[in-house]
There are 2 protein chains.
Amino acid sequence: MGKPASFSTKDRILGAAEELFAQHGFAGTSLRQVTSHADVNIAAVNYHFGSKENLVNEVFRRRMDEMTAARLGQLEQARSSQPGDLRAVLAAFVEPALALAQDRQSGGAFVRVIARAYAEKNDNLRKFLSDHYGHVLREFGKAIGACVPGLSKEELYWRLDFLAGALTYAMADFGLIKRPHNISEAAHRSKAAQELIHFAEAGFRANARTPDSSLT
Amino acid sequence: MGKPASFSTKDRILGAAEELFAQHGFAGTSLRQVTSHADVNIAAVNYHFGSKENLVNEVFRRRMDEMTAARLGQLEQARSSQPGDLRAVLAAFVEPALALAQDRQSGGAFVRVIARAYAEKNDNLRKFLSDHYGHVLREFGKAIGACVPGLSKEELYWRLDFLAGALTYAMADFGLIKRPHNISEAAHRSKAAQELIHFAEAGFRANARTPDSSLT
DNA sequence: GTCTATACGTGGATAGAC
DNA sequence: GTCTATCCACGTATAGAC
């Protein structure tokens with residue numbers, strides 16, 4: 001499956017959708033705009049994707065898979081070359097995410113899909129995210145736990161959620177901090193990553209509030 | 001302006017909208033549903049609010065103002081009765097937000113408005129949020145800075161953004177952590193607040209990466 | 001299998017009568 | 001201020017051409 005023919009209708013729809021979603025959001029982009037940009041018929045979108053919602057999810061999944069691979073790869077490298085280094089583990093979690101979020105082509109759309117799961121009561125999307133994103137989180141949970149002994153699993157998961165939240169916020173570029181005009185996007189992103197890693201490192205190293213393990 | 005007459009059309013629309021938005025999201029709630037519940041004519045919503053988007057913002061603003069007042073009140077109390085206590089300042093920031101997010105009536109709708117600003121390219125809403133929410137953040141920035149001397153303003157604001165992100169995530173109940181069936185919502189929320197405060201406290205106390213002040 | 005033309009129902013919004 | 005009637009864009013479904 002998947003003919004290697006030049007650029008299929010399906011691919012053209014995905015490309016146009018990603019670009020338009022990133023620029024104008026989901027509600028702000030009609031399927032008629034998408035099919036017009038992709039130069040295909042309006043009905044093609046429902047033929048290939050079933051619904052607008054499904055199209056959104058497919059646009060997202062492509063990039064999500066890339067990011068997951070980048071994260072797990074960087075994590076593996078950190079584990080083998082810098083075992084026990086919490087900062088390296090956190091970097092593997094944070095850096096690929098911020099890199100993707102900043103991508104001019106896909107970044108905007110990517111961040112918005114996650115936010116959409118908040119914004120609308122969309123349990124399907126939520127479940128999809130937790131099924132896949134959850135696995136990555138648990139992998140990082142193990143790695144972090146190995147760097148910070150004496151932290152209960154419950155504490156660890158609470159703090160992972162806080163990190164994920166702070167990261168999502170940073171990906172959406174939503175806070176008070178704005179990039180100064182005289183520094184590049186890449187430099188700003190690098191700074192954000194370093195600051196977040198530093199902040200989270202201290203957070204993870206804070207004493208456990210619910211010690212469930214021995215004091216050996 | 002604002003006749004104290006029993007319950008105006010406008011109020012009934014606001015009430016019905018808040019309930020339905022919280023239950024079914026924004027896209028999942030039509031104005032016809034809202035006006036039907038409020039027992040007013042479909043055109044009334046556009047007469048009183050101009051657009052659906054504006055109605056959403058008004059629903060949000062009511063609760064946002066409540067939360068802001070609660071936060072600033074609790075902050076003032078912390079400053080006077082426990083000066084220099086970082087945990088008390090963080091509690092003033094975190095607790096009113098989680099309390100509101102959990103409110104069965106308004107909580108769902110409230111969290112979703114914030115998420116909507118991520119999810120859709122809505123610069124008006126974004127600006128509105130930064131104008132108001134930004135002021136509160138800066139106030140808390142001052143208070144936190146007073147508790148953690150030696151932190152540059154830039155560091156402080158980065159970390160405030162991280163806290164706000166983690167808090168938003170927690171408000172949306174979005175992470176791995178799920179409330180166990182045998183503990184109440186109130187207890188779970190209280191636990192979330194304590195965990196987040198503990199995590200953030202350590203984060204704020206981490207050494208500054210860009211020391212711009214003396215080492216006195 | 002793929003794609004097109006076309007139609008349906010619902011949504012938010014508006015103009016104008018009362 | 002409020003309501004009725006109406007408009008137009010939207011997502012979606014279907015029938016049939018290639």
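Computed from a predicted model, the values in this text were never measured in an experiment. We use all heavy atoms of the structure for the numbers below, so side chains are in, but hydrogens, waters and symmetry mates are not. Convention: sequence-line order gives letters A, B, ...; per-chain numbering from 1.
Summarising the geometry, the separation between CD1 on A:Ile13 and P on D:dT12 is reported as 13 Å, rounded to the nearest angstrom. When rounded to the nearest whole Å, the span between CG of A:Asn54 and P of D:dT12 equals 10 Å. Protein atom CG of B:Leu31 is 4 Å distant from nucleotide atom P of C:dG12, rounded to whole Å. Atom CD of B:Glu53 and atom C1' of C:dA13 are 14 Å apart (whole Å). Regarding A:Arg12, its CZ atom lies at a distance of 14 Å from the P atom of C:dT2, rounded to whole Å. With rounding to whole Å, B:Ile42 atom CD1 is found 17 Å from D:dC7 atom P. Computed from coordinates, the B:Asn41 CG to D:dA5 C1' distance equals 11 Å when rounded to whole Å.
B:Glu139 and B:Arg71 are not joined by a salt bridge, as no carboxylate oxygen comes within less than 4.0 angstrom of a charged side-chain nitrogen. Contact check on B:Glu58 versus B:Lys10 returns no salt bridge, with no Lys/Arg side-chain nitrogen under 4.0 Å from an Asp/Glu carboxylate oxygen.
As judged by a 4.0 angstrom heavy-atom cut-off over every strand, B:Ala44 is placed among residues making no nucleic acid contact. Residue B:Thr29 is classed as a sugar-phosphate contact, given heavy-atom separations below 4.0 Å to backbone atoms only.
The A:Ser30 side chain lies nearest to D:dC10 when the options are D:dC10, C:dA15, D:dT6. Closest to the side chain of B:Arg32, out of D:dG11, C:dG12, C:dT14, is C:dG12. Closest contact between the side chain of B:Lys52 and the listed nucleotides C:dT4, C:dA13, D:dC10 involves C:dA13.
Taking 4.0 angstrom as the limit, A:His48 places a side-chain polar atom (N or O) nearer than this to OP1 or OP2 of C:dC3. OP1 or OP2 of D:dT2 sits under 4.0 Å from a side-chain N or O of B:Thr9. Contact between the side-chain N/O atoms of B:Tyr47 and the OP1/OP2 oxygens of D:dT2 is not found at any separation under 4.0 Å.
Scanning for salt bridge (charged side-chain N to carboxylate O under 4.0 Å, His left out) contacts around A:Glu19 gives an empty result, with sequence neighbours left out.
Map A:Gln33 and A:Ala43 each onto its nearest nucleotide of DNA chain D; the residue landing nearer the 5' end is A:Gln33. Map A:Asp39 and B:Asn46 each onto its nearest nucleotide of DNA chain C; the residue landing nearer the 5' end is A:Asp39.
Counting heavy atoms of neighbouring residues, nucleotides and ligands inside a 6.0 Å radius, atom CD of B:Gln33 exceeds 12 of them.
Looking at heavy atoms from C-beta onward, A:His188 lies in side-chain contact with A:Ile177 at the 4.5 angstrom threshold.
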